[in-house]
Amino acid sequence: MAAAGSGFEDPPAGMLAEAAATFGLLASPARLHIVWALAQGESDVTGLAERVGGALPAVSQHLTKLKLAGLVRSRREGRRQVYYVDDPDIVDVVRLMMGRLTDRAAPPRRRLHGL
């Protein structure tokens with residue numbers, strides 16, 4: 001069904017529900033921080049816990065949820081489990097949102113007249 005006058009089709013209900021579930025996962029500051037950290041590069045759970053300031057078991061639980069949702073994957077390197085973001089589009093969304101919020105928080109630039 002098209003939205004009135006927009007020329008865009010409304011997404012199916014199932015797709016909206018899936019998107020809402022993904023946004024719901026990222027609504028947790030801890031999980032968002034983990035995805036942000038993994039967007040910068042791979043890490044094991046110990047490195048992530050240190051970076052995001054979380055307890056190891058809590059970070060591990062967050063990673064499990066992100067993994068089940070298909071946002072994060074892992075691979076074994078010896079005895080370590082290394083995590084990385086599985087979906088580059090999610091990285092783009094997170095970076096876009098954080099960039100927008102950073103821009104909003106920055107003091108407005110003053111224009112120099114005559115230049």
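Other residues, nucleotides and ligands contribute at most 12 non-hydrogen atoms within 6.0 Å of the CZ atom of R100.
With values rounded to the nearest 0.5 angstrom, T22 atom OG1 is found 11.5 Å from D89 atom CG. Rounded to the nearest 0.5 angstrom, I34 CD1 and L66 CG are separated by 6.0 Å. To the nearest 0.5 angstrom, E77 atom CD is 9.0 Å from D44 atom CG. Atoms NE2 and OG, on H33 and S28 in that order, are 11.5 Å from each other to the nearest 0.5 Å.
The closest side-chain heavy-atom distance from V93 to F23 is below 4.5 Å. M97 has its side chain out of reach of W36: every pair of non-hydrogen atoms, C-beta onward, lies at least 4.5 Å apart. Contact of the R51 side chain with the Q40 side chain is registered, since non-hydrogen atoms from C-beta on lie closer than 4.5 Å. The shortest distance between side-chain heavy atoms of V35 and V94 falls below 4.5 Å. A heavy-atom distance below 4.5 Å is found between the side chains of Y83 and K67. In this structure the side chain of R73 never reaches within 4.5 angstrom of the side chain of R75, judged on heavy atoms.
In this structure, the side chain of E42 does not engage the main chain of L38 through any donor-acceptor pair within 3.5 Å. No donor-acceptor distance shorter than 3.5 angstrom exists from the side chain of S60 to the backbone of L56, with no hydrogens or angles considered. The main-chain N or O of R79 is found under 3.5 Å from a side-chain atom of R76 such that the two form a donor-acceptor pair. With hydrogens and angles disregarded, a donor-acceptor distance shorter than 3.5 Å links the side chain of R31 to the backbone of L25. Judged purely by atom type and a 3.5 angstrom limit, R80 has no side-chain atom pairing as donor or acceptor with the backbone of S43.
Across every non-hydrogen atom of S74 and Q81, the tightest pair is OG-NE2, 2.8 Å. Taking both residues in full, the closest heavy atoms of H62 and A30 are given as NE2-CB, 3.5 Å, listed atom of the first, atom of the second, then distance.
No continuous path of hydrophobic side-chain contacts links L71 to V82 [ILVMFWY only; heavy atoms under 4.5 Å]. L48 is connected to V91 through a chain of hydrophobic side-chain contacts under 4.5 Å among Ile, Leu, Val, Met, Phe, Trp and Tyr, so both are in one cluster. Cluster membership check: V85 shares its hydrophobic cluster with M98, using side-chain heavy-atom separations under 4.5 Å among Ile, Leu, Val, Met, Phe, Trp and Tyr.
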